[in-house]
Amino acid sequence: MRILLHGINYSPELTGVGKYSGEMAEWLAGRGHAVTVVTAPPYYPAWRVHNDYSAWTYKTEQGPVRVHRCPLYVPQKPSGIRRVIHLASFMLTSFPVMLWQAHLRPDLVVVIEPTLMSATAGLSTARLADSATWLHIQDFEVDAAFDLGLLPREGWMRKLAEWLERLVMRRFQRVSTISEKMMERLPEKGVARNRTVLFPNWVDTAAIAPMEGASALRRQLGLGPERVVLLYAGNMGMKQGLEVLPVLARECAADPRMHFIFCGEGAFQTELSTMVNGSENVTMLPLQPFDHLNDLLNTADIHLLPQRSDAADLVMPSKLTGMLASGRPVVATAAHGTQVDKVLQGCGMAVEPGNQAALFSAVHQLADAPEMRRAMGQAARAYAVENLGRERVLEKFEHELLAAVAERMARSQR
């Protein structure tokens with residue numbers, strides 16, 4: 001197949017959507033497909049363009065995947081309106097590049113949300129090239145923007161955005177998303193069930209796996225086997241609910257066993273660092289390169305996954321896949337019945353967001369029960385291997401892509 005992928009985030013971003021889009025494109029190229037990507041320079045999660053890229057110039061990279069980088073505005077402080085301008089800038093600069101790709105006659109145009117603003121360019125290019133169309137939703141960004149308070153929760157702006165969202169989504173031949181709960185939202189947005197596909201995020205279960213003995217990072221930090229290490233690793237953004245972490249660290253300060261590691265980058269990083277400044281039981285670390293990720297995840301005895309209640313089932317935390325694959329239990333703030341709560345059955349504990357007493361209780365319960373941690377960790381690892389292995393997930397996705405292209409070709413020949 002000739003595949004054209006359009007999305008604002010891509011490798012070498014180490015976390016979030018860019019990581020998965022990059023791995024997917026490279027895997028498909030490795031299977032013999034001709035993959036072209038139209039994207040932006042890497043900037044996430046630090047909201048700062050990488051030093052060896054420019055925010056204001058076009059660039060083409062040759063390799064197994066042909067990558068076209070398009071300029072965009074990257075705000076230092078990504079507030080609601082600045083985020084809209086940020087996304088709109090990529091839409092405008094990438095639109096002509098997408099239309100030019102029509103002359104290559106791609107068999108399939110795949111648009112990644114975020115950002116849905118890219119959908120018009122994707123649909124227009126597909127129409128010119130008579131291609132199959134696919135929308136893959138990593139985040140319901142329209143719902144998240146309003147429900148998380150980045151834009152006014154009610155009013156004409158939300159009604160217009162939701163109307164446009166439904167209009168665009170109905171025009172794609174296939175629409176996929178990353179969790180069962182997110183799948184349930186698609187018919188509400190006008191997408192027929194027979195056009196929806198579950199395409200979860202994955203993990204390389206060979207690269208991320210339980211380690212024997214103490215990790216190198218744990219030894220480097222001087223954290224002996226008697227210490228219970230609680231780790232948050234990932235994007236430090238506004239929708240993660242990270243403000244609960246310093247409260248938890250202060251509550252556990254009197255217990256000499258417990259030590260917290262907060263690792264990552266993002267819009268909330270500076271504020272989080274200020275909130276834990278002077279806390280002897282907290283270590284702040286920058287985002288780690290991928291070849292150190294397994295060592296980092298194996299430093300934990302317990303993974304922490306805070307999440308805001310109003311983000312439930314709008315996004316599925318991509319960091320959860322690595323947590324599970326590392327064979328460690330997870331304590332998450334997730335309401336009963338959400339996808340995170342469902343996944344963590346037997347693999348950890350989910351407590352209601354905002355219920356600090358329940359969160360403290362869950363953490364202390366696991367800290368006091370090494371055998372429970374071990375059993376939950378084994379269950380987490382088994383879940384990851386069975387459901388989230390990269391080869392299994394991507395082979396199934398490839399099969400669905402081929403079916404969509406075959407369907408489009410059959411319609412064109414009628």
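Along the sequence shown, residues are numbered consecutively beginning with 1.
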Item to check | Main-chain N/O of Gly264 paired to Gln269 side chain as donor or acceptor, under 3.5 Å | outcome: yes
Checklist entry - Roughly how far, to the nearest 0.5 Å, is the CG atom of Leu248 from the CZ atom of Phe360? => result 6.0 Å
Next on the checklist: Distance check, rounded to the nearest 0.5 Å: Asn201 atom CG versus Tyr20 atom OH?
Outcome noted: 4.5 Å
Item to check | Minimum side-chain heavy-atom gap Met169-Glu113 below 4.5 Å | outcome: yes
Item to check | Atom CZ of Arg31 with >12 non-hydrogen neighbours under 6.0 angstrom | outcome: yes
Checklist entry - Thinking salt bridges, do Arg185 and Glu188 make one under a 4.0 Å N-O criterion? => result no
Item to check | Non-hydrogen side-chain atoms of Met258 and Val363 separated by less than 4.5 Å | outcome: yes
Checklist entry - Has Glu226 got more than 12 heavy atoms of other residues, nucleotides or ligands less than 6.0 Å from its CD? => result yes
Checklist entry - Do Ser118 and Ile8 have side chains that get closer than 4.5 Å, going by heavy atoms? => result no
Next on the checklist: Return the CG to CG distance between Asp107 and Leu4, rounded to the nearest 0.5 Å.
Outcome noted: 11.0 Å
Item to check | Inter-residue atom distance Leu296.CG - Leu285.CG, 0.5 Å rounding | outcome: 7.0 Å
Next on the checklist: Would the distance check show the side chain of Arg170 and the main-chain N or O of Ala192 forming a donor-acceptor pair, the cut-off being under 3.5 Å?
Outcome noted: no
Item to check | Step-by-step ring pair (Phe, Tyr, Trp, His ring centres under 6.0 Å) determination, Trp47 to His86 | outcome: CA-CA 11 Å; Trp47 288 87; His86 160 72; 5.0 Å; yes
Next on the checklist: For Gln76, is the CD atom crowded, meaning more than 12 foreign heavy atoms sit under 6.0 Å from it?
Outcome noted: no
Checklist entry - Do side-chain atoms of Arg257 reach the backbone of Val228 as a donor and acceptor pair under 3.5 angstrom? => result no
Item to check | Listed once per pair and sorted, the side-chain hydrogen bond (donor to acceptor under 3.5 Å, both in side chains) pairs that draw on residues 87-99, sequence neighbours left out | outcome: His6-Ser94
Checklist entry - Looking only at atom types and distance, does a side-chain atom of Thr15 sit under 3.5 Å from a main-chain N or O of Asn235, one as donor and one as acceptor? => result no
Checklist entry - Is a donor on one side and an acceptor on the other found under 3.5 Å between the side chain of Thr39 and the backbone of Gly7? => result yes
Item to check | Member of His136, Gln138, Arg195, Glu400 meeting the side chain to side chain donor-acceptor pair (under 3.5 Å) criterion with Ser176 | outcome: His136
Checklist entry - Between Arg218 and Asp301, is the closest basic N to carboxylate O distance under 4.0 Å? => result yes
Next on the checklist: I want to check a possible cation-pi pair here: Lys19 against Phe290, using under 6.0 Å from ring centre and within 45° of the ring axis as the test.
Outcome noted: no
Checklist entry - Is atom NZ of Lys59 surrounded by more than 12 heavy atoms (other residues, nucleotides or ligands) closer than 6.0 Å? => result yes
Item to check | Side chains of Arg392 and Trp202 in contact at under 4.5 Å (non-hydrogen atoms) | outcome: no
Checklist entry - Where is the tightest heavy-atom contact between Ala367 and Ile302, given as atom of each residue plus distance? => result N-CD1, 4.0 Å
Item to check | Point-to-point distance, once rounded to the nearest 0.5 Å, from CG of Leu402 to CE of Met1 | outcome: 4.0 Å
Checklist entry - Less than 6.0 Å separating the ring centroids of Trp134 and Phe199? => result no
Next on the checklist: Could you measure the distance from the CD atom of Glu251 to the CG atom of Asn281? Nearest 0.5 Å is fine.
Outcome noted: 10.5 Å
Item to check | Ile208: which of Thr321, Leu324, Leu297, Asn298 passes side chain to side chain contact (heavy atoms under 4.5 Å, CB included) | outcome: Leu297
